[in-house]
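Inspection log for the structure reproduced underneath, given as structure tokens.
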Amino acid sequence: MSNATSVLEDLLQALPELHSQIYFKSSLTALSHAMEDQVLAGSGDRPIVIASFQRERFYRQEANRYLRIADKTDQTYVLAAPETDFANHSGPYETIAFNSSDALSKEWHLVVLGQQYAACLICRERPINEAEVTLTNDQSRRFEGIWTFDRATVCKAAALLLDRILAYRPELAKKIAKAKQQIVADAKPGFNNVDPGPFTERLVTYLQAGQYKLLKAYRSIAAQERKERLVNSITSAIRRSLKPDEIFNVAVQELGQALHVCRCLLYRCKDTDTQVKIQHEYLAPGVKPLQGATWSLKNNPLFQEVVQRRERICIQDTQVTPWLLEDGRAIAPASEQVSKWQIAAWLMVPVIHQNRLMGIVELHLCNHTLREWNEAELDLVEAIASQIGVALIQAEAYANLEELNQQLEALDRTRSNLIAITGHELRTPLSTIQVCLESLSSDPDMPVEVQQVMLSSALADAERLRKLVQDFLTLSDLESGRVQWHVEPLPLQECVDLALSNVRARQKFDQLPAISSQVSDDLPMVQTDGEWLVEVLAKLLDNACKFTESTGTVEIEAHPNGGEMIEVTVTDTGRGIEPDRLEVVFDRFYQEEGALRRTAGGTGLGLAICRQIVHGLGGEIWAESDGKDKGSKFHFTVPISRNPKLELAPPPKSRAKATKVRGRR
Ligand code: ADP
């Protein structure tokens, strides 16, 4: 059974002089409770009480009150749209379950009609328009309708509601008829003549309670707003920078001040770090600084706990927290930290990004401060820690980008060098060869001696070209790992001799500086690939001769470095290297004066090849120089053989052949 008409409309039609008004849900709750309390406070008068709830759940909150009201009168009716087990029932009071499609489900009614006291509240919920949806909470739901003490209106409302009840519960016809008789009897015009005290008192109490609720809500909104403003200001301050140091500085200062702590620390760390150096700190006046100190993490149970749980730990009082104690005794480093730095309360919040621990924010209250951190403050620190994480990731990404940029710039320099070198180093010998061959073919009467010179120049330049191409190929093989190492125990001195004779043979037309070797033949055997080792030695010796005047000297020496290596050094008295160039000389195509202004020939690949070979053989290579015109030293290390078998070492001659064969590839 359903009834689609609204009780409010029926009432307004019956009594056109009535004007409906808007009520918030909170006001209707206050009024209803005050009306019910008036019934509960009344004695002797047995009123008719009809309450219609929109849903069973609203009735449930009041069910106990209605049991007490039913003690006062047997004419109590409660209506609601059932949700679980609300049904038509005659108990201490009558319950009437109406269909959820009934217009009653949109309305809120309470009628109290006694001889001394009459009041009614007949309201209908106003639909919320879309713009209001987000703003609306339960308490601000709005209703329109009538609330009055006017007896005639109350009687009419009671009669209308009793008709609705009768439609749902026809078996109550007799009881309802009795109620209607009472209505006729009570239908005298005018207002109540009872003491309005209980009603007013209750109303004021409910209004007060409502006001307190509002105040609380305002306070929590204000706190939330304050927190958001703080997070925003810190966040924008740290996001403005891409430098981790700056981010850390701003964050500790802002956080320390905002939370009025004694000390705020912020440091980078990983899960496995054992200690950190404190570099960023906020200090309240008079607090002992930690800046520059080494802060133990490994033995700090607080840190270990944070690493494990990956969430904040807050110790409101370091003197009573049991897990800082082991067997009833404070764990030494933690208690040391607590007493040395006077930490009375200790908060540690991890800075985490994608489950990676990036750092820690620590807040300390010192000297028995009697303040405790509340949940909102703890959440705030956590929010800021996560912002720091994001800012750090951004800074890291920026640093990576910068590094990438530098690599790109280096690559670009290499490319330009490559073009310049190929332009110069390939074109120059080619032109010489071309001129020589053209002259030889166009001038058959050329004297034999001149022919000889022409042929030698063409041959020398062809050799230069071959060397350049070979260096390109060698480096490319080494860099792409296409090289097979044949490592075996070898006497270093033989490799040095071989390299020296190669250099002398290659540079036989040039005026060389004096070369001397200090490599003793009783050095331990080295574990290496002889061909490649000779290549390194030859290149270093070539360079030393190339960049040293013929009046200067070149010296090669070798000695064990006290570990498992032999250190070989090629020293010259030549033009030297500026200190800031000592690393880059090993880069591909690095040439100090640029390819086009070169006096000595070369490809800028020699040292890059040497570095690849030495690393491939398990050693290190580096350059030393006191600067321009102060000579240079090139050092490299070769592993000492652990199990030297002299008989395995091949005679130097066959190695010379092997080197030459590979040289002709
Ligand atoms: P290049 O074919 O130009 O010699 P390298 O890779 O062998 O190429 O050397 C790169 C650069 O390092 C040289 O151009 C030179 O500027 C510098 N260099 C190498 N060896 C020496 C040295 N013994 N003394 C001074 N400068 C050197």
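Each ligand, and each atom within it, is numbered from 1 in the order the structure gives. Reckoned from all heavy atoms, side chains included, excluding hydrogens, waters and symmetry mates.
- Contact atoms of ligand 1 toward Gly576: 25 (C) (distance under 4.0 Å to a heavy atom of the residue).
- Residue Leu607 has at least one heavy-atom neighbour below 4.0 Å for each of these atoms of ligand 1: 5 (P), 6 (O), 7 (O), 9 (O), 12 (O), 19 (C).
- The closest non-hydrogen atom to atom 17 (C) of ligand 1, taken over Asp629, Val585, Thr571, comes from Val585.
- Within the structure, ligand 1 lacks Phe586 among the residues with a heavy atom less than 4.0 angstrom away.
- Distances below 4.0 Å separate heavy atoms of Leu605 from the following atoms of ligand 1: 6 (O), 8 (O).
- Within the 3.5 Å criterion, the main-chain N or O of Glu281 finds a donor-acceptor partner in the side chain of Gln253.
- A 4.5 Å side-chain heavy-atom check between Ile360 and Phe303 finds at least one atom pair inside the cut-off.
- Counting only heavy atoms from C-beta outward, the side chains of Leu500 and Ser517 approach each other to under 4.5 Å.
- For Gly604, a nitrogen or oxygen atom sits less than 3.5 Å from a nitrogen or oxygen atom of ligand 1, counting backbone and side chain alike.
- Defined by atom type and a distance below 3.5 Å, a donor-acceptor pair is missing between the side-chain atoms of Tyr282 and Glu254.
- Checked by distance only, ligand 1 and Ala608 stay at 3.5 Å or farther apart across all their nitrogen or oxygen atoms.
- No side-chain donor from either of His486 and Asp529 sits under 3.5 Å from a side-chain acceptor of the other.
- Residue Ser632 has at least one heavy-atom neighbour below 4.0 Å for each of these atoms of ligand 1: 22 (C), 24 (N), 25 (C).
- Ring pair Trp295/His364 is tilted by interplanar angle, where 30° to 60° counts as tilted.
- With Cys495 as reference, Leu533 is the one residue of Val536, Val526, Val519, Leu533 to meet the side-chain contact (heavy atoms from CB on, under 4.5 Å) rule.
- Using a 4.0 Å cut-off to heavy atoms of Lys546, the atoms of ligand 1 that qualify are 1 (P), 2 (O), 4 (O).
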